[in-house]
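Here's the structure, in structure tokens; my notes come after.
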Amino acid sequence: MTDKLRAACIQMTSGPDIAGNLETAEMYIRQAAQQGAHFIATPENTDQIRQPPAEKLKTAPPPETHPGIPLFSGLAKELNIWLLAGSFAIKTAPDKLSNRSMLFSPDGKIAAQYDKIHLFDIDLPGGEHYRESDIIKSGTQAALAETQFGKVGLTICYDVRFAYLYRRLAQDGASIITVPSAFTVPTGRAHWEILLRARAIETGSFIIAPAQAGEHENGRKTWGHSMIVGPWGEVLAEAGREPGIIMADINIKDVAKVRGLIPALKHDRKI
């Protein structure tokens with residue numbers, strides 16, 4: 001069991017070009033590894049952001065031919081890191097995609113994968129409309145990975161508003177929970193930090209949340225502010241609105257300390 005590790009979030013401004021986005025992700029991953037990061041996470045939609053999103057149906061590859069999977073597998077093995085592909089658009093049917101997060105172990109294997117459960121179907125003030133369910137098939141199962149520094153739970157973006165998923169992951173042993181995201185600017189400004197800190201406090205877990213940032217195809221904008229949050233709710237690292245890398249040194253022993261001080265996970269009641 002390893003208690004201490006350096007975690008990194010990659011912040012990106014993904015566009016429609018899968019190859020270009022993956023090249024950018026690789027550049028940042030290599031930089032983070034050179035700076036000592038052993039757990040590196042990229043954001044939701046690492047491979048592509050399309051506007052309108054239905055364009056993804058034309059360009060998303062199936063898992064057998066998605067170039068991001070062998071790339072991330074090879075990087076994890078070469079750099080001897082745990083590498084989270086925050087999410088790729090994976091074509092699983094002629095009219096549907098999976099929004100899939102994959103955690104690669106240092107031997108290059110997929111230690112866990114997770115299809116986003118809660119889909120972003122919403123109308124925002126100001127006229128923004130999102131209907132993920134039009135093209136994305138919802139996942140049905142939570143996902144945990146075993147690592148040498150404890151269990152890691154996988155979630156994606158809009159999931160952060162559903163506290164029961166995080167509680168379930170923590171009760172199943174997760175010390176770290178990942179939240180790769182592409183938050184909109186209005187919801188990010190209002191809720192992003194609050195939600196991430198709340199999920200950390202409620203579960204006594206480290207939250208690692210790499211994000212998309214900036215302006216994408218056809219004017220879509222995302223909030224950025226990638227964040228690493230400690231189990232007491234303290235912000236350990238935060239990005240701004242530009243692409244780049246943030247890092248934090250974390251000690252997994254802090255999870256047990258916090259859960260010992262406030263053992264809320266043991267106090268659930270059926271009502």
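Sequential numbering from 1 along the given sequence is applied to the chain's residues. What you see is a predicted model, and the numbers here were worked out from it, not measured in a lab.
- Looking only at side-chain heavy atoms (C-beta outward), R220 and E215 stay at 4.5 Å or farther from each other.
- Side chain of Q11 to backbone of S226: a donor-acceptor contact under 3.5 angstrom is found.
- The backbone N or O of G224 sits nowhere less than 3.5 Å from a side-chain atom of R241 that would complete a donor-acceptor pair.
- Contacts of F206 classified as ring pair (Phe, Tyr, Trp, His ring centres under 6.0 Å), with partners at least two apart in sequence or in another chain: none.
- Within the 4.5 Å cutoff, the side chain of T203 has no heavy atoms near those of the L169 side chain.
- At distances below 3.5 Å, at least one donor-acceptor pair connects side-chain atoms of T155 with backbone N or O atoms of T178.
- Scanning for ring pair (Phe, Tyr, Trp, His ring centres under 6.0 Å) contacts around Y158 gives F120, F162, with sequence neighbours left out.
- When all heavy atoms of P180 and E44 are compared, the closest pair comes out as CB-N, 3.5 Å.
- Residues passing the salt bridge (charged side-chain N to carboxylate O under 4.0 Å, His left out) test with E234, sequence neighbours excluded: none.
- With W192 contributing its side chain and F183 its backbone, the two residues share no donor-acceptor pair below 3.5 Å.
- Every residue two or more places apart in sequence or in another chain that forms a salt bridge (charged side-chain N to carboxylate O under 4.0 Å, His left out) with K253 is listed here: D3.
- Judged purely by atom type and a 3.5 angstrom limit, S138 uses its side chain to pair as donor or acceptor with the backbone of I117.
- For Y166, there are no ring pair (Phe, Tyr, Trp, His ring centres under 6.0 Å) partners two or more places apart in sequence or in a different chain.
- Taking both residues in full, the closest heavy atoms of V258 and P231 are given as CG1-O, 3.5 Å, listed atom of the first, atom of the second, then distance.
- Here the side chains of E193 and L196 are not in contact, with every heavy-atom distance at 4.5 Å or above.
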Between side-chain atoms of residues 144-151 and protein atoms elsewhere (two or more places apart, or another chain), which donor-acceptor pairs fall under 3.5 Å?
| unit_1 | atom_1 | unit_2 | atom_2 | d |
| --- | --- | --- | --- | --- |
| T147 | OG1 | F149 | N | 3.1 |
| T147 | OG1 | G150 | N | 3.3 |
| T147 | OG1 | G150 | O | 2.5 |
| Q148 | OE1 | W82 | NE1 | 2.8 |
| Q148 | NE2 | H38 | NE2 | 3.2 |
| K151 | NZ | D172 | O | 3.1 |

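- No side-chain heavy atom of I201 sits less than 4.5 Å from a side-chain heavy atom of V229.
- Counting heavy atoms from C-beta on, the side chains of S181 and V160 never come closer than 4.5 Å.
- H216 meets the ring pair (Phe, Tyr, Trp, His ring centres under 6.0 Å) test with no other residue; sequence neighbours excluded.
- In terms of the salt bridge (charged side-chain N to carboxylate O under 4.0 Å, His left out) criterion, residue partners of E217 (sequence neighbours excluded) are, by chain and number, R50.
- Chaining together hydrophobic side chains whose heavy atoms lie under 4.5 Å apart places L75 alongside I10, M12, I18, L22, M27, Y28, I29, I40, I69, L71, F72, L79, I81, L83, F88, I90, M102, F104, I110, I245, M247.
- Nearest heavy-atom pair, A8 versus A32, reported as atom, atom and distance to 0.1 Å: CB-CB, 4.0 Å.
- Taking both residues in full, the closest heavy atoms of A41 and I208 are given as CB-CG2, 4.2 Å, listed atom of the first, atom of the second, then distance.
- A search for salt bridge (charged side-chain N to carboxylate O under 4.0 Å, His left out) contacts involving E23 returns nothing, not counting sequence neighbours.
- Residues L97 and K56 meet the side-chain proximity criterion, which asks for heavy atoms closer than 4.5 Å.
- Applying the ring-ring contact (aromatic ring centres under 6.0 Å, His included) rule to pairs touching residues 250-269 yields nothing, sequence neighbours excluded.
- Partners of K109 according to the side-chain contact (heavy atoms from CB on, under 4.5 Å) rule, which considers only residues two or more places apart in sequence or in another chain, are S105, D107.
- Put simply, the side chain of D47 does not reach to within 4.5 Å of the side chain of S14, judged on heavy atoms.
- By the 4.5 Å heavy-atom criterion applied to side chains, R167 and L265 are counted as neighbours.
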